[in-house]
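Please read the structure below before turning to the comments.
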Amino acid sequence: MSHRSRLLGLAFVASDFLMEIDETRTVRFAAGAAAVPGADAAPAYEGRPLDEILSRASAWEFRRVLADAAPGRRLGPIDVLVRCGDGMVRKAVVRGFCAPQLAPSVSLGLCWEGSPFALHAPPLATSTDFLNRTRTAMRQASEPMAVSFVEVAGLSVPPTSQVMDVVASTLQEASIDGSSAAQLSEDRFAVLRSQGDTRDLADLLREACAAENVSIAPVVEQGQLGSDPLAALRALRYAIAECIAEGPAESARNFSSRVAQTLRDAAEFRRIAREQAFEVHFQPIVSLESGAVHHHEVLARFASGDTGELIRMAEELDLIRSFDLAVLAKALRALRQPGAGLAKLAVNVSGASLATDDFVLALLRRTSAEPDDRRRLMVEVTETSALEDLPAARRRLERLRDAGVKVCIDDFGAGAASFEYLRALSIDMVKLDGCLTRAILTDERSRTMVAHIVDLCRTLGVRTVAEQVETEDIAQALRSLGVDMAQGWRYGRPTPELVTRLPETLPTRRKGAISAWA
């Protein structure tokens, strides 16, 4: 018996099928029992890329595993699906070894599990799920990626479920991992693909539908994601909306330029935060019972650009932490300026800034020489960037409260996490979202919600603030429900100067009232 035959026999003790792939993931050797019973392994697999042999999802996962291949290192076990033709696959468990004398080639052993079965494509994702999958894929990818924007014109009206299944399965099969295609509207789609995938997606769709005796005229345009995941995701969010409204051609045409513009905007925002090249304005929060100014919210204002959009961009591009610290620095300077008296300030803090200890430590460090300033500060936790680790956030906020800093939940009632924050975090105030305040006179549901929130907060010892209070009628309705404080144009617009007293003409003001946090 030859030495080679003995080694093969020993290998087949542990595996049903053996392969060797080179550095391009092309099969150079195949032996044993193929996925299709009775098929000859060598001609069925040798010379073919491994990506063609495995399902798309399996190929994506296996490429990630192969990225760790090194001489002398074992790989697996990995569950994969191997194609058997005609939409059939067979499950296998793969183990690998990169023999030093064969590197960079990798030896693979497969053990079959069960019989071949039909592979059904997963349902198409929504636009939100598509963005999330793209974010995950860009973190894990070892290769450049692109997005194809697709419009499938010519479908029967309404399209049969069978034709839609064909379109969905074709798009999923063309996606980078077999599950990253999305339906954006009735006939428009997006597909996350490998930038090196040269298959014509329009041809694939035409051929697949022709097999169902349906003629279609797909339009496919592609945009490259680039190397910056956060910039690409921001551009992709706009591109998806544009694809829904204008079609794939317009979306793809603007995509690359939008990625480049996002990178320029990010660099400019970093400069603004670093140089503190923005203004802060102050808007009074007033006691509804006394009419006295209780404290002010610190609001950033930029020389150009919409403030809300710039803040959303900063959160999307992970730039908000440095900006929150820059706002804090300006707020502290305002507290200490001549004429500020005992004014108290609330600064907005993104949930992203509470993901680490940096913001808390910076606040405590910057007030260590004047610790009395801490009792004049409040942090308003915004829900635009959700707190992912509530126990850790609670510990950080409790450290601030122990030092004398007050804590408020901003935009309460607008997001799904509001009541979870109230349950899990140690806080002093909640600020009712403006959508509830604006509707309190005309919508009984909103009025009922505010009443219940006030009762709940009072039971928990938490004070309430209503924002966007613009008329005395709204103020009176809030007062009758027991809301503690109000903020809005009824009491003053944001101004560059601290206004510690309201004009005498406001009927709710009571002379001589003294405000305090508690």
Thinking salt bridges, do [X] and [Y] make one under a 4.0 Å N-O criterion?
| X | Y | answer |
| --- | --- | --- |
| Lys330 | Glu279 | no |
| Arg438 | Glu470 | no |
| Glu221 | Arg253 | no |
| Arg463 | Asp428 | no |
| Glu289 | Arg479 | no |
| Arg396 | Asp357 | yes |
| Glu315 | Arg312 | no |
| Arg234 | Glu309 | yes |
| Asp197 | Arg56 | yes |

Can you tell me if [X] and [Y] form a side-chain donor-acceptor pair at under 3.5 Å?
| X | Y | answer |
| --- | --- | --- |
| Arg258 | Gln261 | no |
| Arg401 | Ser426 | yes |
| Ser55 | Ser58 | yes |

Check whether any side-chain heavy atom of [X] sits under 4.5 Å from a side-chain heavy atom of [Y], and report yes or no.
| X | Y | value |
| --- | --- | --- |
| Glu61 | Asp79 | no |
| Arg321 | Leu319 | no |
| Val150 | Val219 | no |
| Leu364 | Arg399 | yes |
| Glu380 | Val347 | no |
| Val469 | Gln487 | no |
| Gln276 | Arg333 | yes |
| Val191 | Val147 | no |

Least distance between heavy atoms, Asp324 atom then Phe359 atom: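 Shortest heavy-atom separation between Asp324 and Phe359 comes out as O-CE1, 3.9 Å.
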
Minimal non-hydrogen separation, Ala273 against Ala326, with atom names: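 That would be O-CB, 3.7 Å.
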
side-chain contact (heavy atoms from CB on, under 4.5 Å) evaluation trace for Ile272 with Glu268: CA-CA 6 Å; Ile272 289 173; Glu268 174 63 10; 3.9 Å; yes

Sub-6.0 Å ring centroid separation between Phe130 and Phe149: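 Ring-ring flag for Phe130/Phe149: false, centres at least 6.0 Å apart.
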
Close aromatic pair by centroid cut-off 6.0 Å: Tyr238 and Phe255: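 Between Tyr238 and Phe255, the centre distance exceeds or equals 6.0 Å.
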
Aromatic ring pairing Phe412/Phe419, orientation class (parallel under 30°, perpendicular over 60°, tilted between):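 Ring orientation, 0 to 90° scale: perpendicular.
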
Interatomic spacing from CD1 in Ile453 to CZ in Arg458 - rounded to 0.5 Å: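 Between Ile453 CD1 and Arg458 CZ, I get 12.5 Å after rounding to 0.5 Å.
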
CG on Leu390 to CZ on Arg423, rounded to 0.5 Å: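 Spacing of CZ (Arg423) from CG (Leu390) equals 7.5 Å.
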
Crowding at CG, Leu441 (>12 non-hydrogen neighbours, <6.0 Å):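 Yes - once you tally the heavy atoms of other residues, nucleotides and ligands closer than 6.0 Å, there are more than 12.
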
